[in-house]
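Note on naming: letters A, B, ... go to the chains in the order of the sequence lines (proteins, then strands), and numbering restarts at 1 for each one. Predicted model only: the values in this text are computed from it and were never measured.
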Number of protein chains: 2
Amino acid sequence: MSDREAQQGTGLHRAFAIIRVLAASDGTGMRVTQIARESGLTQATAHRLLQALMAEGVVVQGEGSRLYRLSVEFFALAASAGNPGNLRDLCRPALLRLSASLGDTIFLLVRSGFDAVCLDRSEGPFPIRSFTGDVGGRVALGVGQGSLAILAFLPEAEREEVIRFNLPRLRDFGVFDEVYLRTEIARVRELGYAGRNTGLLPGMAGVAVPVLDRDGRAVAALSVGTIAERLSPERLPTVVELLRRETVAIGPGINPFDVVLRRPAQGLGGINGPTRIETSDSRTGQQGRLPPGAAPRS
Amino acid sequence: MSDREAQQGTGLHRAFAIIRVLAASDGTGMRVTQIARESGLTQATAHRLLQALMAEGVVVQGEGSRLYRLSVEFFALAASAGNPGNLRDLCRPALLRLSASLGDTIFLLVRSGFDAVCLDRSEGPFPIRSFTGDVGGRVALGVGQGSLAILAFLPEAEREEVIRFNLPRLRDFGVFDEVYLRTEIARVRELGYAGRNTGLLPGMAGVAVPVLDRDGRAVAALSVGTIAERLSPERLPTVVELLRRETVAIGPGINPFDVVLRRPAQGLGGINGPTRIETSDSRTGQQGRLPPGAAPRS
DNA sequence: ACATTCATTCCGTATATCGGAATAAGTCAA
DNA sequence: TTGACTTATTCCGATATACGGAATGAATGT
């Protein structure tokens, strides 16, 4: 029924609604009904789309045709993909060198809209827990050292927009007020790295250095995640220096690409914990997660 | 147009054709024309679908609206997903323990159709090259130790089908004839692990132990990739024992799921997708791109 | 056994998709 | 600058496709 400004009746949109639902599930698999409910689709439609997705190899069902889940092939497809300007390949050697020489876990974070996403990771012998955690994990820009390092080195205009947009989201993490955040950012800009134990995760600490493209804008960050004791005042400068050395080597190799500043877009948004935000946007608005049981308009 | 075995006129199929094309590209981005050509779509259609995909957040375009590429969000979506029965989460601790105590790189491979896919990886200080390489990388079942370990412990019927299907593909790697392959498999079954330096990558060696589900079928494998010297006859038994210990601990925790045996079908990336062998030096990193559509070279 | 939930198939309707062709935008060589 | 060329985007009518209500079939539970 008519153009609602943006398309939400398209098959593609519905298909991805299903994919998103499945991605948000725990990987055990979901039944058609459940999927239909959570994606706001009819059972018939959900079923038909699931068949189509299976034909594409995106979805598989295990155990005598009951539960649907995303396929390993889908995983592999996207794994070889989300690699803006070959950044991951570019950084891999650096990650390996760093984790080997430091003995800590190294993260590669890239900016994606208002979030930072963990693109790669190389583990050291010291087990840690981080915000982004796994490869593919997301945090709002500003949460955690790596994320903060990126935010601090965005061009001013974008930085402001991100700050404005993210402030409400950040509240859920620390007791951030705007002044505090800006102070942090200022210090990061001055020092050239994001350090200091934020105390967000007890006993954990991190340092991060931004990776700047040829225009001096942050597109990524290398970050060390470790236990607080291992970032003593004596060791810290060494670590920072190592990180910085790698980042400056990486910078020039970056293929030009810009991350378009978009609202997290009804797209593949934060399946990850508290990162999810619910801001009804003016134009693209609509289509949040549909309240359970709400029928899609026709 | 109508029958034709499976539907290929559907919008969803076309959309994924584009995604596949983009995934196969080197991440620099592609123009509409190129995408249209390689996916076999009309320019108009390709363009429209790209718009739709952008609305979904799957595709972004950089640089003043010229080149399209897959978004980081798409990457994140699938990363948190392709995790059959939580296998990755289940295995992560084991990977960390192993790479920490052995000092070598540990891979988690899962079966996907006629391939093995690298689902996770934990690096040790010893740099290595492997067949699967990156997370998301694929190899035909039978190539490499991990892959071989899985193949060897499939139920007989499936094993036979895989062998039949894969033989031609294997030819490109070693000088495998069927007899040789079957001999290898027999030995793996007898020993309970896949070992021995296959000499496929000079100086490299690996050992792999299958992860069996409660029915005794191989669904995955833990594999060690290292340099040949580090798998001396004295050290090997230790390594195998450590691996085995972890795998038996993992097995029972596997959520029941079966990988349906399907032709790689028009599915994702399929057979000779990113079966790239990493030939890069770990310091200069980089490399890896095969020309789109080119078969993996011998 | 029955009752209930869930999965799958049917089918008429209408809507979203398709692609040829027109237009706009960008690229390159003089 | 101009002009020829390539590539990107928009239009639009025909029709193939997707839609979803409802019927059927398969599981599950008590």
**Student:** In this structure, how many angstroms lie between the C1' atom of D:dT9 and the CE atom of B:Met54, rounded?
**Tutor:**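 B:Met54 atom CE is separated from D:dT9 atom C1' by 13 Å.
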
**Student:** Please report the distance, rounded to the nearest Å, between CD in B:Gln34 and C1' in D:dT7.
**Tutor:**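 After rounding, the gap between these two atoms is 12 Å.
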
**Student:** Please report the closest heavy-atom contact between B:Ser147 and B:Gly142, naming both atoms and the distance.
**Tutor:** OG-N, 2.9 Å

**Student:** Given atom CG of A:Leu41 and atom P of D:dG20, what is their separation to the nearest angstrom?
**Tutor:** 7 Å

**Student:** At 10 degrees resolution, what angle do the end axes of the helix from C:dA1-D:dT30 to C:dA30-D:dT1 form when each is taken over five base pairs?
**Tutor:** 60°

**Student:** Compare the minimum distances between each of D:dA8, D:dC19, C:dG19 and the side chain of B:Arg14, then state the nucleotide with the smallest one.
**Tutor:**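 Comparing D:dA8, D:dC19, C:dG19 against the side chain of B:Arg14, the answer is C:dG19.
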
**Student:** Who passes side chain to side chain contact (heavy atoms under 4.5 Å, CB included) against A:Gln34, sequence neighbours left out?
**Tutor:**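 By the side chain to side chain contact (heavy atoms under 4.5 Å, CB included) rule, A:Gln34 matches A:Met30, A:Arg31, A:Arg37, A:Glu38.
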
**Student:** Tell me: OH of A:Tyr68 to P of C:dC6, nearest whole Å?
**Tutor:** 15 Å

**Student:** Among residues at least two apart in sequence or on other chains, which ones pass side chain to side chain contact (heavy atoms under 4.5 Å, CB included) with A:Ala78?
**Tutor:** B:Phe74, B:Ala78

**Student:** For a quick check under 3.5 Å, do B:His47 and B:Gln43 share a side-chain donor-acceptor pair by atom type?
**Tutor:**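 Side-chain D/A pair, B:His47 to B:Gln43: absent.
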
**Student:** Rounded to the nearest angstrom, tell me the gap between atom CG in B:Leu49 and atom C1' in D:dA8.
**Tutor:**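 After rounding, the gap between these two atoms is 15 Å.
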
**Student:** Rounded to whole angstrom units, what separation is found between the CZ atom of A:Arg37 and the C1' atom of C:dA7?
**Tutor:** 14 Å

**Student:** From the set C:dT17, C:dG19, D:dT9, return the single nucleotide nearest to any side-chain atom of A:Thr10.
**Tutor:** C:dT17

**Student:** Indicate the atoms forming the closest heavy-atom contact of B:Ala79 with A:Gly136, along with that distance.
**Tutor:**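 Scanning both residues, the minimum pair turns out to be CB-CA, 3.7 Å.
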
**Student:** Of all residues at least two apart in sequence or in a different chain, which pass the side chain to side chain contact (heavy atoms under 4.5 Å, CB included) check with B:Arg92?
**Tutor:**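 For B:Arg92, the residues satisfying side chain to side chain contact (heavy atoms under 4.5 Å, CB included) (neighbours in sequence not counted) are A:Arg121, A:Glu123, A:Asp134, B:Arg88, B:Leu96, B:Asp120.
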
**Student:** Salt bridge or not between A:Glu56 and B:Arg20? Use side-chain N to carboxylate O under 4.0 Å.
**Tutor:** yes

**Student:** Determine, for A:Arg111 against A:Glu158, whether the closest basic-nitrogen to carboxylate-oxygen distance falls under 4.0 angstrom.
**Tutor:** yes

**Student:** Anything under 3.5 Å between a protein N or O and an N or O of nucleotides 21-29 of chain D, put it in a table, one pair a line.
**Tutor:**
none

**Student:** Give a yes/no answer on whether the side chain of A:Arg48 brings an N or O atom under 4.0 Å of OP1 or OP2 in C:dC11.
**Tutor:**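 For A:Arg48, the contact criterion (side-chain N or O under 4.0 Å from OP1 or OP2 of C:dC11) is not met.
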
**Student:** In chain order, what residues pass the side chain to side chain contact (heavy atoms under 4.5 Å, CB included) check against B:Arg48, with sequence neighbours excluded?
**Tutor:** B:Thr45

**Student:** Can you tell me which nucleotide in C:dT8, D:dA8, D:dA18 comes closest to the side chain of A:His47?
**Tutor:**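 Selected nucleotide (nearest to the side chain): C:dT8.
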
**Student:** Just how far, in rounded Å, is P of D:dT9 from CD of B:Gln61?
**Tutor:**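 Roughly 6 Å, once rounded to whole Å.
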
**Student:** If only side-chain N and O atoms of A:Thr33 are considered, is one of them under 4.0 Å from the OP1 or OP2 phosphate oxygen of C:dC6?
**Tutor:** no

**Student:** Of the options C:dG19, D:dT9, D:dC19, whose atoms approach the side-chain atoms of B:Gln43 most closely?
**Tutor:** D:dT9

**Student:** Nearest-Å distance, CD (B:Gln51) to P (D:dC11)?
**Tutor:**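 Result: 13 Å.
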
